[in-house]
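Notes for the one structure printed next.
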Amino acid sequence: METESEPYVRLASLRQLHQVMADMNTARSLADTLQTVSDGVVTALGYELACVNLVRPDGDLVVAAFSGNPAAEALITGRVGSRESWERRLSMGETWGDLVFIPHTEGWILDDDDVPQWYTDGPAPRFEDEWHPSDRLFAPMYTPAAPGGGSCGELIGVLSVDRPRNGRHPGAWGREALQMYAFQAAIAISNARLRANMQRALVRLEREQQALRASEESFRQAFEYAPSGMAIAEMGGDQHGRILRTNDALCRLLGRPASAMRRYAFSDLVHPEDIGTLLRTSAEGGRAELRLGRRDGSYVWVSLRNSVVADAADGPRFLLTHVEDIEERKRRELQLAHRASHDSLTGLPNSAELRSRLSARLCRRPQSADPAVLESHDAAFGHPAFDFPPSAESFDAYDHHVHTVAPEGEMDDGTKGLAVLFCDLDGFKSINDRFGHNAGDAVLIEVARRLSNQVRDGDTVARLGGDEFVILADGLGRADAQDLAVRLRNEIIQPIRAEGRAVRVGASFGIGWAHCGMTADEVLKSADERMYVEKRSRPKQHRRAG
């Protein structure tokens, strides 16, 4: 290349170099770019062998591309050399600008390191610049330096070249061309890496979007076609609980079209008695059982389960609500509860329910919370007003309790109290004995009906057992209670149709009064005793009519 034709050679080489650089900057992938860089050394720079050693993320260098010898390519492509070994190579020998030349006289010490290499031995050079088979020439490739960051950037790889076709060490032009080529190759590789990273990011983004679309479609289908009701509602703010979307199952359950459902919040649909349950559930998520209103004005029992759909940036935003129809289960539960608390024959509250209702009105505290009165109570009765040491909480609880009082004396003093009327049928046993239990059951059913029809809404008629009934009537004076007993007795003694015949029974009433400080059993015992007093005081012929 140091001949008279050198200008022509340089021009041809520049044309080849220009084409190679165009090729390596338009390669489709990083792998194609690396191979184009390696091939360009052979086609444009006049070397028989070229190898691209690329820096991996862990810092070591891998043989990423090889050109000029298929046997050598198969042997060392993909093999890795440590960064430490490469640093030693790039720090020894002669520096030709950015190039590193290690002559065969020094390179023998590298024969046993871990850098993949292809070399042969040969005779000593015949003249000073003759290329020896064991000479090594490296062209480091650096990323472009940042402004003010020095002459070169980060090492991204090393070009290894071997066997110049003219058999000589490269001259000034050859060195400059290889150095320039390594610089452009570094840019092409960096751009190819960037394109590859962008392509991977785009592929990953597209996959994530596909997964998101698939997830959204799965959610849409699960939401729309769920066999039970589903709804999405706003969470927080003035529109809290407003329904944004419903599925067909919920619309069918409530008998309302989807367009109409969007005009409501759940608080507009819930039964008034269940509004507190709804508010607790919608604020905290979780499950609740409540009643929702249908379009026809009826209510249906549902199991409502809320899940909070949170946004990473803005916090909770929506409520995903699952609504399950539990009307049949709730009806069975109510029926079971009714059976447990009501008499199976008459449908009246049974003994346990009667005691529960009566106990709910009574407390163990006397009717005055004045400490002086409590002290006088202890002195008079010889025992404390409480069965336990009273706490501040217990006093507070009784502050909201309306104490049950009883009229004083035998005369009506205007005091209204909770009257307990104990009713025992007269002559009922003879009906059972003469006409059978079916007739007796018919009498009990009819007596229960007549008693229920004669009391006020809110009063309780219960069957205590056998032919004994109890009526709880609040807000009565003594005269009122006596009038009620007379009215009930007159209603009971009317003829009753039982098993195709008319029969009669009488009734004895005892009137007791409930007041705080008594137990339910004490109240019932008092009324029962008064009933027996009343029964014994009346002539037998007046007590029964068979």
Side-chain angles (χ1 to χ4, degrees), residues 222-223 225-231 233 241 243 246-256 261 264-307 319-361 437-438 441-442 444-449 451-453 455 457-466 469-472 520:
F223 183 91
Y225 302 115
S228 54
M230 300 287 288
I243 297 172
T246 58
N247 69 349
D248 290 341
L250 182 57
C251 293
R252 290 195 303 270
L253 177 63
L254 300 183
R256 303 175 188 268
M261 289 291 290
Y264 294 98
F266 274 109
S267 57
D268 300 325
L269 301 173
V270 73
H271 192 284
E273 296 177 2
D274 299 333
I275 190 69
T277 303
L278 173 70
L279 293 177
R280 287 192 298 272
T281 304
S282 61
E284 304 168 1
R287 183 192 295 267
E289 293 184 357
L290 43 76
R291 288 158 288 182
L292 293 180
R294 289 190 172 112
R295 186 178 184 178
D296 61 6
S298 63
Y299 286 90
V300 57
W301 275 101
V302 299
S303 172
L304 186 145
R305 184 170 67 252
N306 280 329
S307 300
L319 288 172
L320 177 61
T321 304
H322 176 239
V323 183
E324 183 181 359
D325 183 358
I326 59 170
E327 182 71 18
E328 287 301 320
R329 175 171 67 81
K330 207 68 179 180
R331 183 180 292 113
R332 289 195 299 270
E333 290 177 357
L334 293 175
Q335 289 174 349
L336 291 174
H338 186 272
R339 291 174 184 172
S341 60
H342 287 71
D343 176 51
S344 59
L345 177 65
T346 63
L348 297 178
N350 59 18
S351 175
E353 179 66 13
L354 170 67
R355 285 174 168 80
S356 175
R357 295 186 185 186
L358 185 53
S359 297
R361 287 294 315 276
H437 288 287
N438 288 340
D441 289 346
L444 293 175
I445 293 172
E446 178 61 18
V447 168
R449 187 190 67 79
L451 291 175
S452 299
N453 288 342
V455 299
D457 292 341
D459 292 345
T460 295
V461 178
R463 183 186 178 197
L464 194 61
F469 298 84
V470 174
I471 297 91
L472 304 182

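Since the structure is predicted, the reported quantities are computational estimates derived from the model, not experimental observations.
- The one candidate from Leu320, Thr321, Val323, Thr246 that meets the side-chain contact (heavy atoms from CB on, under 4.5 Å) condition with Met230 is Leu320.
- Within the model, atoms CZ of Arg463 and CZ of Phe469 stand 6.0 Å from one another, a figure rounded to the nearest 0.5 Å.
- Checked for salt-bridge contact, Arg305 and Glu324 miss the test: no charged N lies under 4.0 Å from a carboxylate O.
- The distance from atom CG of Leu472 to atom CG of Leu354, rounded to the nearest 0.5 Å, is 5.0 Å.
- Under the 3.5 Å distance criterion, the side-chain polar atoms of Asp343 are left unmatched by any main-chain donor or acceptor of Leu348.
- Around the CZ atom of Arg331, the shell of radius 6.0 Å holds more than 12 heavy atoms that belong to other residues, nucleotides or ligands.
- Note: Asp296 CG to Arg256 CZ = 8.5 Å, rounded to the nearest 0.5 Å.
- For the pair Thr460/Ile471, no side-chain contact is recorded, criterion being any heavy-atom separation below 4.5 Å from C-beta on.
- For the atom pair CG (Leu269) and OH (Tyr299), the distance works out to 9.0 Å, reported to the nearest 0.5 Å.
- Paired with Phe266 under the rule side-chain contact (heavy atoms from CB on, under 4.5 Å), one option of Asn306, Leu290, Leu278 passes, and it is Leu278.
- If you take CG on Asp274 and OG on Ser267, they are separated by 13.0 Å, rounding to the nearest 0.5 Å.
- The salt bridge (Lys or Arg N to Asp or Glu O under 4.0 Å) check on Arg329 picks up Glu289, Glu333, with sequence neighbours excluded.
- Atom CZ in Arg287 sits 4.5 Å away from atom OG in Ser303 (nearest 0.5 Å).
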